[in-house]
Student: 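Supplied in structure tokens, the structure appears directly below.
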Amino acid sequence: MTGHHWGYGKEDGPSSWYKNYPVAEGNRQSPIDIVPNEASRDRDLGPLMINYDHCTSINISNNGHSVVVEFNDSDDRSVIKGGPLDNPYRLKQFHFHWGGKGHEGSEHTVSGKGFASELHLVHWNAVKYKTYGEASTAPDGLAVLGIFLEGSITDFKGFNPKCLLPSSLHFWTYLGSLTTPPLHESVIWIVLKEPIEVSEKQLGMLRMLLFTEEEDNQKMRMENNFRPPQPLKGRRVRSSN
Ligand SMILES: NS(=O)(=O)c1cccc(F)c1F
Ligand SMILES: [Zn+2]
């Protein structure tokens, strides 16, 4: 792995990230395999409140590891609160993880079952921290909403995150990390139980994304950009009512 370059290939993939990012072997790493009947229903978990109404997306880019849509996070227009969160968390970006085919591609799995893709909406605690950068290294700095995508014949209307939400906001929640280097253990994970349906055409588009291989500048297919489930290490997974 030259410098701190990391990827999803044989040499620079998830099994070698620990060399440059020792926290990869930490006690609150993500993703995990979620086993529904081992999750504890927690009455204290209030409803999730998601407000993306006046969100303003800034750009969409291919950062070499995923396709990312950035948002203007200079105020509280697009926030998530409630559920396991003590403060409102501001939407910063969303991105996807996907596989080459079928039920491989999500990062979290449910009783060992994967989905074709997983959408991550990344939010930060702007009440306690001044910048996203500062929040990204704090144990309660980030909240990531994970939404499974499964292939079907229906379409989804563009990338406005508001219409990317499934009908039910029931969720699992646990304390974890970024799933890509630097793997900071700073994420309160909220994974929705109900997947959203995307068309094979949309999934095909994700799989079509290319990224350049820095060294030999040859086009490589960017797919299978998902980290496998990590050890639970005694963590509790809670379930909303
Ligand atoms: N895959 S991930 O949602 O854990 C993630 C990745 C990069 C930066 C982040 F802030 C982040 F949350
Ligand atoms: Zn992600």
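The first residue in the sequence is number 1, and the count goes up from there. One-based numbering, in listed order, for ligands and for the atoms of each. Because the structure is a prediction, the values reported are computed rather than measured. In what follows, every heavy atom counts, from backbone to side chain, and hydrogens, waters and symmetry copies are set aside.
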Student: Specify whether His123 and Tyr52 have parallel, tilted or perpendicular ring planes, treating 30° as the upper limit for parallel and 60° as the lower limit for perpendicular.
Tutor: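 His123 vs Tyr52 ring planes: parallel.
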
Student: Check each N or O atom of ligand 1 against all protein N or O atoms and list the pairs under 3.5 Å, with atom names and distances to 0.1 Å, one per line.
Tutor:
residue	atom	partner	partner atom	Å
ligand 1	1 (N)	His95	NE2	3.3
ligand 1	1 (N)	His97	NE2	3.3
ligand 1	1 (N)	His120	ND1	3.3
ligand 1	1 (N)	Thr179	OG1	2.7
ligand 1	3 (O)	His95	NE2	3.4
ligand 1	3 (O)	His120	ND1	3.3
ligand 1	4 (O)	Thr179	N	2.9

Student: Kindly indicate, with the supporting measurements, whether the criterion ring pair (Phe, Tyr, Trp, His ring centres under 6.0 Å) is fulfilled by Tyr8 and His97.
Tutor: CA-CA 11 Å; Tyr8 292 94; His97 300 265; 7.2 Å; no

Student: Under the rule for ring-ring contact (aromatic ring centres under 6.0 Å, His included), what residues qualify as partners of His184, not counting sequence neighbours?
Tutor: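 Counting only residues at least two positions away or on another chain, His184 forms no ring-ring contact (aromatic ring centres under 6.0 Å, His included).
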
Student: Take the Zn ion (ligand 2) as the centre and count protein N, O or S atoms at distances under 2.8 Å.
Tutor: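 Number of qualifying protein atoms: 3.
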
Student: Does atom CZ of Arg236 have more than 12 heavy-atom neighbours, drawn from other residues, nucleotides or ligands, at distances under 6.0 Å?
Tutor: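 No, because the 6.0 Å sphere around CZ of Arg236 holds 12 heavy atoms or fewer from other groups.
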
Student: Supply the atom-to-atom distance Asn27 CG to Gln230 CD, rounded to the nearest 0.5 angstrom.
Tutor: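 Between atom CG of Asn27 and atom CD of Gln230 there are 12.0 Å.
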
Student: Among residues at least two apart in sequence or on other chains, which ones pass ring-ring contact (aromatic ring centres under 6.0 Å, His included) with Phe115?
Tutor: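 Scan of Phe115 (ring-ring contact (aromatic ring centres under 6.0 Å, His included), adjacent residues dropped) gives Phe148.
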
Student: Asp73 vs Arg90, test: salt bridge (charged side-chain N to carboxylate O under 4.0 Å, His left out). Steps then yes/no.
Tutor: CA-CA 6 Å; Asp73 60 349; Arg90 251 181 224 173; 6.0 Å; no

Student: Measuring from atom CG of Leu142 to atom CG of Asn125, what distance do you get when rounded to the nearest 0.5 angstrom?
Tutor: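 It is 9.0 Å, given to the nearest 0.5 Å.
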
Student: Look at the rings of Tyr174 and Trp189 and say which category their plane angle falls in: under 30° parallel, 30 to 60° tilted, over 60° perpendicular.
Tutor: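 Because their plane-to-plane angle is under 30°, the rings of Tyr174 and Trp189 count as parallel.
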
